[in-house]
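Quick note on labels: first sequence line is chain A, next is B, and so on, each numbered from 1. Both backbone and side-chain heavy atoms feed into the values below; hydrogens, waters and symmetry mates do not. The structure displayed is predicted, hence computed values, not measured ones.
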Amino acid sequence: MSKGVTPQSENYAAWYTDVVTKARLADYGPVKGTMVIRPYGFSLWDNIKEALDKMLKDTGHVNAYFPLFIPKSYLSREADHVEGFAKECAVVTHTRLMAGPDGGVVVDPASKLEEEVIVRPTSETVIWAMYKKWIQSYRDLPLLINQWANVVRWEMRTRLFLRTTEFLWQEGHTAHATAAEAKQEALSILELYRRLAEDYLAMPVLTGLKSEAEKFAGAEHTYCIEAMMKDKRALQAGTTHYLGQNFAKAFNVTFQNKDNREELVYATSWGVSTRLVGAVVMTHGDDKGLRLPPRIAPFQVVVIPITRNVEQKKAVTDYLQPVLDGLDKLNVRVHVDWRDESPGFKFNDWEMKGVPLRLEVGPRDVENGKAVLVRRDTFVKAIVEKDAIIHLIPKLLDEIQQSLFDQAVAHRAEHTHTAASYAEFKDIIANQGGFIRCGWDGTTETEMLIKNETKATIRLILPDEQIAGLKCIYSGQPARHEVIFAKAY
RNA sequence: CGGAGCGUGGCGUAGUCCGGCAGCGCACCUGAAUGGGGUUCAGGGGGUCGCGAGUUCAAAUCUCGCCGCUCCGACCA
């Protein structure tokens with residue numbers, strides 16, 4: 001294994017894979033397209049999950065768990081929904097193996113299932129089949145359920161975290177008495193996602209509405225948070241859907257309102273996935289490896305003791321103890337690296353893993369009552385008084401969190417363009433990349449032509465769009481919407 | 001599913017044309033020194049050369065068949 005990572009400027013895709021594997025976030029699983037999330041990567045996901053789970057619970061949502069297996073017939077209940085997922089479903093057809101002729105195992109043909117079972121690509125259908133049983137009256141609404149689960153989509157081309165055959169996510173499924181309330185729910189969750197991305201992942205996002213072509217199969221409206229990666233491509237980081245009465249109709253889910261009349265319920269669904277881990281990597285990483293935002297970093301501080309003999313080891317251990325106790329009281333996540341490796345090796349290793357702060361403590365420091373503190377984001381090195389460490393660290397962690405966010409905002413601003421003409425639009429997409437903010441005539445035809453000619457797609461329709469006097473970048477017709485175009489993951 | 005390529009210790013590879021003891025780097029283990037930016041020296045372990053047939057005194061190498069993977073074209077959080 002070589003020492004560093006492929007530089008971003010040389011090959012961004014190779015850089016990404018290098019960082020993910022060398023920082024030990026994940027590894028490839030044995031089945032094509034599958035991924036093992038390693039402890040360090042899972043810890044990162046856990047912190048993201050914990051933050052969002054709390055936000056959801058604070059807003060009245062509850063967790064539950066629905067089955068992995070779905071009757072094949074359920075998927076066909078909602079026409080658009082089948083259309084969207086049929087091509088990527090794993091199907092269980094048999095339930096038994098038997099000894100094969102050459103000592104291996106073969107599928108037992110006698111165990112063929114009467115009705116085949118699919119592995120969920122998403123859970124709308126099972127959940128709505130259950131909601132039919134649980135919802136009778138307006139008193140049962142709203143129903144605000146979330147589940148943390150794995151789902152399977154048999155993808156052709158996969159990349160660690162960004163697109164894998166199986167992935168982890170949360171999917172919220174809510175039922176409401178009115179359309180207005182359901183629409184509000186989709187927007188409220190979108191706001192939670194924005195806060196998760198910006199306040200925890202330090203990743204600025206645009207929020208907005210998806211075009212017809214890009215929206216979720218089965219939804220009336222899809223909203224999204226969309227981020228710009230360091231290679232200037234767009235990444236959809238989360239979606240919320242207003243489903244109208246589509247699933248209520250498909251599964252015949254009705255309730256009696258206050259006037260004793262039967263009505264179909266209104267629905268939403270929404271999700272973010274382990275793709276967020278990939279988003280963090282591609283938003284903040286540099287040629288030294290990861291740079292993790294302190295609020296979600298598995299370790300916020302790594303301590304590198306520098307000692308040459310047992311006496312020094314003892315001295316450093318004693319010297320460190322009150323500092324570690326103090327940080328522990330402040331709930332700072334600290335790891336002391338006592339491995340028998342050279343300090344230089346450890347510096348590089350933890351930089352690859354993106355730990356926000358490094359504290360070096362050696363014999364010189366013990367003697368002088370000091371320590372060396374180094375920021376991962378700027379590499380600024382400071383010799384600090386021992387007694388100041390405990391007060392300094394939380395402050396620095398906040399600064400790093402903010403600094404990473406600011407850098408990402410600046411990067412996005414620098415690469416967000418306007419285009420005066422379609423010729424300029426094509427030139428920007430082909431030669432510079434980034435986001436282009438422009439007018440669109442609202443037709444799927446225009447959207448598809450632009451996609452085919454440039455590979456750029458509409459990432460979202462801006463919520464604060466200004467269309468007065470605006471023309472479509474392609475057709476020149478009066479714009480129906482102001483949108484962001486970009487090449488996307 | 002169409003086009004190109006590749007399968008050799010954990011990873012990356014040389015050797016394949018022209019058959020003759022399976023080699024190198026990293027990683028790993030042991031010991032010693034070293035330790036404030038990827039430390040050095042010494043010793044060591046680990047291989048059905050993707051699988052199966054065939055040719056041959058002899059196959060990683062030649063022939064045939066099979067399997068798997070990667071990359072590129074139509075889909076997607």
With a 4.0 Å cut-off on heavy atoms, is A:Gly271 in touch with a base, just the backbone sugar-phosphate, or nothing at all?
-> nothing
Hey, does A:Lys210 reach any base, or is it just sugar-phosphate, or nothing, if we go heavy atoms under 4.0 Å?
-> nothing
Side chain of A:Asn348 - closest among B:A77, B:G38, B:G36 = B:G38
Grab the CG-P distance between A:Asp340 and B:G38 for me, whole Å please.
-> 16 Å
Write down the distance separating the P atoms in B:C11 and B:A58, rounded off to the nearest Å.
-> 32 Å
May I have the distance from A:Ile306 (atom CD1) to B:G38 (atom P), rounded to whole angstrom?
-> 12 Å
Given the C1' atoms of B:U55 and B:G12, what is the spacing between them in whole Å?
-> 34 Å
Check every strand shown and say whether A:Phe167 touches a base, only sugar-phosphate, or nothing at a heavy-atom separation below 4.0 Å.
-> base
5'-most contact on RNA chain B (nearest-nucleotide basis), A:Glu155 vs A:Arg308, goes to A:Arg308
Examine the base of B:G37 for any acceptor or donor lying under 3.5 Å from a partner atom in the side chain of A:Glu351, and report the outcome as yes or no.
-> yes
Interatomic distance, A:Leu359 CG vs B:G37 C1' [rounded to whole Å] = 16 Å
Toss me the dot-bracket line for RNA chain B: Watson-Crick and G-U wobble, both under 3.5 Å, 5' to 3', using | for pairs to another strand and [ ] for crossers.
-> ((((((((.[[[[.)....(..]]]].((((((.....)))))).....[[[[[..)....]]]]])))))))....
Quick one: does A:Asp349 reach the base of B:G38 with a side-chain donor-acceptor pair under 3.5 Å?
-> no
Which whole number of Å gives the distance between the P atom of B:G2 and that of B:C66?
-> 15 Å
Contact class for A:Leu162 vs. all strands (heavy atom < 4.0 Å): base, sugar-phosphate, or nothing?
-> base
Nearest-angstrom distance from the residue atom NZ of A:Lys87 to C1' of B:A77 = 16 Å
If you look at every strand shown and take non-hydrogen atoms under 4.0 Å, does A:Thr457 touch a base, only sugar-phosphate, or nothing?
-> nothing
A:Ser342 side chain N/O closer than 4.0 Å to the phosphate oxygens (OP1, OP2) of B:G35?
-> no
Are more than 12 heavy atoms from other residues, nucleotides or ligands located less than 6.0 Å from atom CD of A:Gln184?
-> yes
For B:G38 versus B:G31, give the span between their C1' atoms, rounded off to a whole number of Å.
-> 22 Å
In chain order, what residues pass the side chain to side chain donor-acceptor pair (under 3.5 Å) check against A:Tyr74, with sequence neighbours excluded?
-> none
Contact class for A:Gln170 vs. all strands (heavy atom < 4.0 Å): base, sugar-phosphate, or nothing?
-> nothing
Would you verify whether the NZ or CZ of A:Lys87 falls within 45 degrees of the ring axis of A:Trp154 while also being under 6.0 Å from that six-membered ring's centre?
-> no
Considering only heavy side-chain atoms of A:Lys288, the closest of B:G36, B:G37, B:A77 is B:G37
From the options B:A77, B:G36, B:C75, select the nucleotide whose nearest atom is closest to the side chain of A:Thr164.
-> B:A77
Determine the interatomic distance between P on B:G23 and the same-named atom on B:C18; round to the nearest Å.
-> 24 Å
Of A:Gly362 and A:Tyr489, the one whose closest nucleotide on RNA chain B sits nearer the 5' end is A:Gly362
Kindly write out the residues that satisfy ring-ring contact (aromatic ring centres under 6.0 Å, His included) with A:Tyr474, not counting sequence neighbours, or none if the list is empty.
-> A:Tyr422
Roughly, in whole Å, what's the span from CD in A:Glu124 to P in B:A77?
-> 12 Å
Other residues, nucleotides, ligands: >12 heavy atoms within 6.0 Å of A:Lys230 NZ | yes
Touch check for A:Lys381, heavy atoms < 4.0 angstrom, all strands: base, sugar-phosphate only, or nothing?
-> base
Identify the heavy atoms of A:Val332 and A:Ile393 that sit nearest to each other, and give their distance.
-> CG1-CG2, 4.1 Å
Do any side-chain nitrogens or oxygens of A:Arg275 fall under 4.0 Å of OP1 or OP2 in B:A77?
-> no
Could you state the CE-C1' distance from A:Met448 to B:C75, rounded to the nearest angstrom?
-> 12 Å
Determine the contact category for A:Val272: base if any of its heavy atoms lies under 4.0 Å from a base atom, sugar-phosphate if only primed atoms, P, OP1 or OP2 are that close, otherwise nothing.
-> nothing
Rounded interatomic separation in angstrom, taking CZ from A:Arg339 and P from B:G35 = 19 Å
Interatomic distance at C1', B:G10 relative to B:G45, whole Å = 13 Å
Should the pair A:Arg153 and A:Trp169 be classed as cation-pi, given the thresholds of under 6.0 Å to the six-membered ring centre and 45° from the axis?
-> yes
Kindly confirm or rule out a cation-pi arrangement of A:Arg275 over A:Phe161, judged by NZ or CZ under 6.0 Å from the six-membered ring centre and within 45° of its axis?
-> no
Give a yes-or-no answer on whether the side chains of A:Thr34 and A:Glu166 include a donor-acceptor pair shorter than 3.5 Å.
-> no
Using the C1' atoms only, state how far B:A53 lies from B:A59, rounded to an integer number of Å.
-> 13 Å
May I ask you to say what A:Arg358 touches in the nucleic acid, namely base, sugar-phosphate or nothing, with a heavy-atom cut-off under 4.0 Å?
-> base
Atom pair distance, as rounded to whole Å: CH2 in A:Trp350 and P in B:G37 = 19 Å
Heavy atoms under 4.0 Å, any strand shown: does A:Thr307 hit a base, just sugar-phosphate, or nothing?
-> base
Taking atom P in both B:G25 and B:G50, compute the distance separating them and give it to the nearest angstrom.
-> 22 Å
If we ignore angles and hydrogens, is there a donor and acceptor under 3.5 Å between the side chains of A:Ser403 and A:Asp377?
-> yes
